[in-house]
Amino acid sequence: QVQLVESGGGLVQPGGSLRLSCAASGSIFRVNAMGWYRQAPGKQRELVARISSGGVTNYADSVKGRFTISRDNAKNAVYLQMNSLKPEDTAVYYCLARLKSAGSAPDYDYWGQGTQVTVSS
């Protein structure tokens, strides 16, 4: 059993900052890629940022230069520092971890429960 627990969402004014955290726990052999996705009302879930086990990152064009993804492999954790937030960043943010629960097991994607980020004055 694997769990991803997120924290750090909330209400912030435009131009403000938030930091999201997500930690994976349970039966984990190795965590590969980790990432953050978001889903706004009436829209499909979209990739925000992704980081490989080696630290290679990629970002959605809409957040480049404003958001930074990082990870702590010792804690099986991933973070998203969000600066210069805009109203269009308002969404539920979901953490994803692609991991193996055992050495012989295939990679599997696990999702967090989601955390609400609202950018409004």
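Owing to the predicted nature of the structure, the values given are computational and were not obtained by experimental measurement. No hydrogens, no waters, no symmetry mates; every other heavy atom, side chains included, goes into these values.
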| Is any side-chain heavy atom of N73 closer than 4.5 Å to a side-chain heavy atom of V31? | no
| said: In this structure, would L47 and L96 fall into the same cluster of hydrophobic residues linked by side-chain contacts under 4.5 Å? | reply: yes
| message | If you compare all heavy atoms of P14 against all heavy atoms of S121, which two are closest, and at what distance to 0.1 Å? | response | CD-N, 3.7 Å
| query | Taking only residues two or more places apart in sequence or in another chain, which ones pass salt bridge (charged side-chain N to carboxylate O under 4.0 Å, His left out) with R45? | reply | none
| So, do V63 and R38 sit near enough that their side-chain heavy atoms are less than 4.5 Å apart? | yes
| Hydrophobic cluster identity match, Y110 and V48, side-chain contacts under 4.5 Å | yes
| Are the side chain of T90 and the backbone N or O of V119 linked by a donor-acceptor pair below 3.5 Å? | yes
| Which residues satisfy the ring-ring contact (aromatic ring centres under 6.0 Å, His included) test with Y37, sequence neighbours excluded? | W111
| message | Around atom CD of Q113, are there more than 12 heavy atoms from other residues, nucleotides or ligands closer than 6.0 Å? | response | yes
| task | Show your reasoning for whether side-chain contact (heavy atoms from CB on, under 4.5 Å) applies to D89 and R66. | result | CA-CA 11 Å; D89 294 317; R66 300 188 298 123; 2.8 Å; yes
| From CD1 (I28) to OG (S101), nearest 0.5 Å | 9.5 Å
| said: Contact between V117 and L18 at the side-chain level, heavy atoms closer than 4.5 Å - yes or no? | reply: yes
| query | Can you list every side chain to side chain donor-acceptor pair (under 3.5 Å) pair that touches residues 20-35, not counting sequence neighbours? | reply | R30-N32, N32-D107
| task | Apply the test side-chain contact (heavy atoms from CB on, under 4.5 Å) to residues R98 and M34: give CA-CA distance (whole Å), side-chain angles for both, the deciding distance (0.1 Å), then the verdict. | result | CA-CA 6 Å; R98 177 164 293 171; M34 302 188 81; over 6 Å; no
| remark: Correct closest heavy-atom pair for L4 and A24 would be CD1-CB, 3.8 Å
| In chain order, what residues pass the ring-ring contact (aromatic ring centres under 6.0 Å, His included) check against F29, with sequence neighbours excluded? | none
| Intermediate values then yes/no, side-chain contact (heavy atoms from CB on, under 4.5 Å), L20 and W36 | CA-CA 9 Å; L20 305 183; W36 290 95; 3.6 Å; yes
| task | Verify side-chain contact (heavy atoms from CB on, under 4.5 Å) between V2 and L99, making sure each step is shown before the conclusion. | result | CA-CA 10 Å; V2 175; L99 62 86; 3.9 Å; yes
Throw together a table of side-chain donor-acceptor distances under 3.5 angstrom for residues 79-88, partners on residues two or more places apart or in other chains.
residue : atom : partner : partner atom : Å
Q81     : NE2  : N83     : OD1          : 2.9
N83     : OD1  : S17     : OG           : 2.9

| task | Measure the shortest side-chain to side-chain distance between V78 and I51 over non-hydrogen atoms and say whether it is less than 4.5 angstrom. | result | yes
| How would you list all residue pairs meeting side chain to side chain donor-acceptor pair (under 3.5 Å) that involve residues 52-61, not counting sequence neighbours? | D61-K64
| message | Strictly distance-based, threshold 3.5 Å: is any side-chain N or O of E6 a donor or acceptor partner for the main-chain N or O of C95? | response | yes
